[in-house]
Amino acid sequence: MIKMKKRQFKTESKRILDLMINSIYTNKEIFLRELISNSSDALDKLYYLSLTNKDIKVNKDDLFIRVDYNKDKRTITISDNGTGMTEEELENNLGVIAESGSLKFKEENKEQNDVNIIGQFGVGFYSAFMVSDKVTVESKSYKDDRATIWESAGVDGYTLSPSDKKDNGTIITLHLKEDTEDYNYSELLSEYKLRGIIKKYSDYISYPIKMEVENNRKKEDSDEYETYKEVITINSMIPLWKRNKKDITEEEYNNFYSDKFFDYDKPLDVLHFNIEGNVNYNALLYIPSHAPYDYYSKEYEKGLQLYTNGVLIMDKCSELLPDYFSFVRGVIDTEDIPLNISREALQDDKNIKLIAKSIESKVKNELLDLLKNNRDKYLEFYKAFGMQLKFGIYNDYGMHKDKLEDLIMFYSSGEKKLITLDEYVNKLKEEDKNIYYCAGETVDKIDMLPQVEGIKDKHEVLYLTDYVDEFAIMAIHEYKGKTFVNVTNESTDLSTDEEKEKINKENTDNKDMLEEMKKVLEGNVEEVKLTNKLKSHPVCLTTTGEVSTSMEKVINAMPTDEKIKANEVLEINASHKIVDKLKDLYKNDKDEFTKYTKVIYYEARLIEGLPIDNPTELSNLMCDIMANK
Ligand code: ADP
């Protein structure tokens, strides 16, 4: 007669069990990852024991994990020939949440967190109950002659009974739940499904995960095919990132990338390294050659795959990447993170922080290296992700600018191509204190601006064409002791003292007329003045203070109610014929003078690409003027 012992679960275990059984979480397939990881641990333990204890004889090549399924009985079996468990261990390990594996389950967080906990982290043996209504564990410890069967159908408790299992190891049998509207458990009972789950989560477990599969072959001396069964190893066992760099071909790197990250264009760059020190990890990182379609949207999720000891514990660990390097894809494998780490613990984990920091500097150095030694590649990278770097500078109040300012580029008026700030500054003389820039929609449009024409012969001007650029520049503020100067700012003045004196005098001499113009443009401009900045062009609009007209455009295009207005100054080329005309009209025809003033202002706005509030008025004014001529 079989002696069966009935037992109750400890209270805490009951709660976890309850959570698993009633889980609404859809990603139930992770139970297999958990059970395979447990098997792998048991194999590890046995192997290490054998190294120190000569009574335990283990050949590493004999160690395995096996997964089977039985459609008729609706069971999935996971077996291993690892340490196994004694009756006492079965009670202690599966009857209570083991300390090591305990997820510090907080009653108060239960409602909002259960989905997350299950999704992201190792939840251990009990995850079997997400898919099973009964679980049987048959185990024989390497240190005991007797074997035991542990069985449980849920929170009511479990039973222990003797078994006649001869070899050490553990066989876990899951009796699958009936299908429901929410989940098709039967689907798990297929070679295709199980193989897929194993490949996805446990491909890099270092022991073979064996499964009996069906194959086809041609019958001997016949054209007919027959199916036959064979046991094969499903997982690839050695992760690419753990292999020696020298032995990996570019194709292998690229295939891994497209398999894992579903990007069928080759990556731009691969970083494969191993760090040993305060924290230990292997990394295989990729810089894509183009931005994913959703990259600059809220939908894009950054993060690296996080493995511990070859077991995937998180698909997109966002803590490992700063936002400005969110384009990096790849894998981190570390032994310094426990498999069952909780989401909260992960955020604060010292080792995760160390790894993140180290990844950040690796990526930065790689980019600097590309910039220096492989400019074409860097330009390709910059085309795809330069905007993100500039956002990185602008975000968090410029906190990260030191890390990123050497990586950004702008079009140069002199070189007619993208250059870095360092390259700009290197060409400056000691006494040159400014980095000139101008923002606009396109290189061509900026190039045509009157203010730019006046300056670009004397100084290199950086053309800022992304809407974030000016904000990034303002966050940097100063680079290597040089200050950024917007050429469309009213105060930007390159003239000599003599020239200054001359233009000041002309402004004083025409003070009344200019005041009158300002009155006509009441509410629009802060000042109207004559200028020597403009080579051939008659007018331009400059601004005073922080906000430029291009910033005004960017901010006002945002979907908020807060609109801003730059402080505009209308500047008129002192040596242009139009000034004589204005002087004449001011004296002899005030009506016409008013019309001309308005048209000139509208023109200046058009040049800047600013909207015209009343285009009809502009059209009427111009026709009036033309008709009167
Ligand atoms: P964790 O694995 O995180 O410790 P689990 O709840 O998954 O938590 O497992 C509890 C314990 O049960 C393990 O620590 C291990 O001692 C034991 N165990 C589970 N599965 C096996 C197995 N296949 N072989 C031997 N021991 C096992």
Side-chain angles (χ1 to χ4, degrees), residues 7 9-10 12-21 23 30-50 56 58 63-68 76-105 117-118 120-132 135-144 146-152 158 160 163 165 167-174 201-202 205-210 308-313 335 337-342 345-346:
R7 295 281 194 277
F9 284 108
K10 296 272 157 29
E12 204 192 18
S13 312
K14 247 185 179 161
R15 259 187 259 151
I16 302 279
L17 249 177
D18 191 44
L19 175 61
M20 291 299 151
I21 293 165
S23 158
I30 58 153
F31 75 92
L32 195 55
R33 169 190 85 178
E34 298 297 314
L35 298 180
I36 287 175
S37 293
N38 280 350
S39 288
S40 170
D41 288 347
L43 294 168
D44 270 344
K45 274 184 218 158
L46 187 67
Y47 179 66
Y48 286 116
L49 283 166
S50 76
I56 305 170
V58 173
L63 299 175
F64 69 88
I65 299 164
R66 194 179 153 131
V67 176
D68 292 283
I76 295 173
T77 311
I78 297 100
S79 3
D80 64 70
N81 55 354
T83 53
M85 286 173 272
T86 62
E87 183 182 320
E88 200 187 349
E89 282 170 336
L90 277 167
E91 262 208 275
N92 288 338
N93 294 340
L94 308 184
V96 222
I97 300 288
E99 258 316 299
S100 74
S102 90
L103 113 137
K104 295 257 177 264
F105 180 67
I117 293 168
I118 299 166
Q120 306 283 355
F121 302 105
V123 280
F125 170 75
Y126 287 116
S127 61
F129 285 96
M130 287 202 290
V131 294
S132 331
V135 178
T136 310
V137 182
E138 185 172 16
S139 197
K140 186 188 135 357
S141 165
Y142 71 97
K143 57 191 172 196
D144 197 347
R146 291 167 304 165
T148 311
I149 296 174
W150 177 103
E151 191 165 85
S152 169
Y158 56 92
L160 293 161
S163 130
K165 183 173 166 36
D167 308 320
N168 60 272
T170 304
I171 303 167
I172 299 181
T173 306
L174 311 177
Y201 294 104
S202 313
I205 290 285
S206 54
Y207 300 96
I209 303 169
K210 293 179 183 289
T308 141
N309 269 327
V311 182
L312 177 65
I313 63 167
E335 292 171 16
I337 307 281
L339 178 66
N340 286 9
I341 189 164
S342 77
L346 190 102

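Whatever order the structure lists them in is the order used to number ligands and atoms, beginning at 1. Treat the numbers as computed from the prediction; the structure is a model and nothing was measured.
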Trainee: Below 4.0 Å from ligand 1: does a non-hydrogen atom of E34 turn up there or not?
Mentor: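 The answer is no: ligand 1 sits nowhere under 4.0 Å from a heavy atom of E34.
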
Trainee: Can you see whether Y126 engages E34 through a side-chain donor-acceptor pair at a distance of less than 3.5 angstrom?
Mentor: no

Trainee: Parallel under 30°, tilted from 30 to 60°, perpendicular over 60°: which one fits the rings of F125 and W150?
Mentor: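 Correct class here is perpendicular.
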
Trainee: Can an N or O of Y126 be found at a distance shorter than 3.5 Å from an N or O of ligand 1?
Mentor: no

Trainee: Is the contact between L35 and ligand 1 made by the side chain, the backbone, both, or neither, using heavy atoms and a 4.0 Å cut-off?
Mentor: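 None of L35 does.
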
Trainee: Going by the atom numbers of ligand 1, which of them fall below 4.0 Å from some non-hydrogen atom of N93?
Mentor: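 Selected atoms, number and element: 10 (C), 11 (C), 12 (O), 16 (O), 17 (C).
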
Trainee: Let me confirm one number: the CD1-CD1 distance from I209 to I36, rounded to the nearest 0.5 Å.
Mentor: 4.0 Å

Trainee: Which bit of D41 gets closer than 4.0 Å to ligand 1, counting heavy atoms only: side chain, backbone, both or neither?
Mentor: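 Neither; no heavy atom under 4.0 Å.
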
Trainee: Using a 4.0 Å cutoff against the non-hydrogen atoms of T83, which atoms of ligand 1 qualify?
Mentor: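 Numbered from 1, ligand 1 contributes 25 (C).
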
Trainee: Backbone, side chain, both or neither: what part of M85 comes under 4.0 angstrom of ligand 1, heavy atoms only?
Mentor: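 Answer for M85: side chain.
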
Trainee: Does a side-chain heavy-atom distance below 4.5 Å link I78 with L174?
Mentor: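 Yes; the side chains approach each other to less than 4.5 Å.
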
Trainee: Could you tell me whether R146 atom CZ has more than 12 heavy atoms of other residues or ligands within 6.0 Å of it?
Mentor: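 It does not: R146 CZ has 12 such atoms or fewer within range.
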
Trainee: Pair S163, E138 - check side chain to side chain donor-acceptor pair (under 3.5 Å), show working.
Mentor: CA-CA 7 Å; S163 130; E138 185 172 16; 2.7 Å; yes

Trainee: Which part of T170 is near ligand 1, with near meaning a heavy atom under 4.0 Å away: side chain, backbone, both or neither?
Mentor: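 Only the side chain of T170 comes within reach of ligand 1.
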
Trainee: Can you name the one residue among N81, D80, L43 that meets side-chain contact (heavy atoms from CB on, under 4.5 Å) with Y207?
Mentor: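 Looking at N81, D80, L43, the match for Y207 under the side-chain contact (heavy atoms from CB on, under 4.5 Å) is L43.
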
Trainee: Hey, which atoms in ligand 1 end up nearer than 4.0 Å to a heavy atom of K45?
Mentor: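 Those atoms are 16 (O).
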
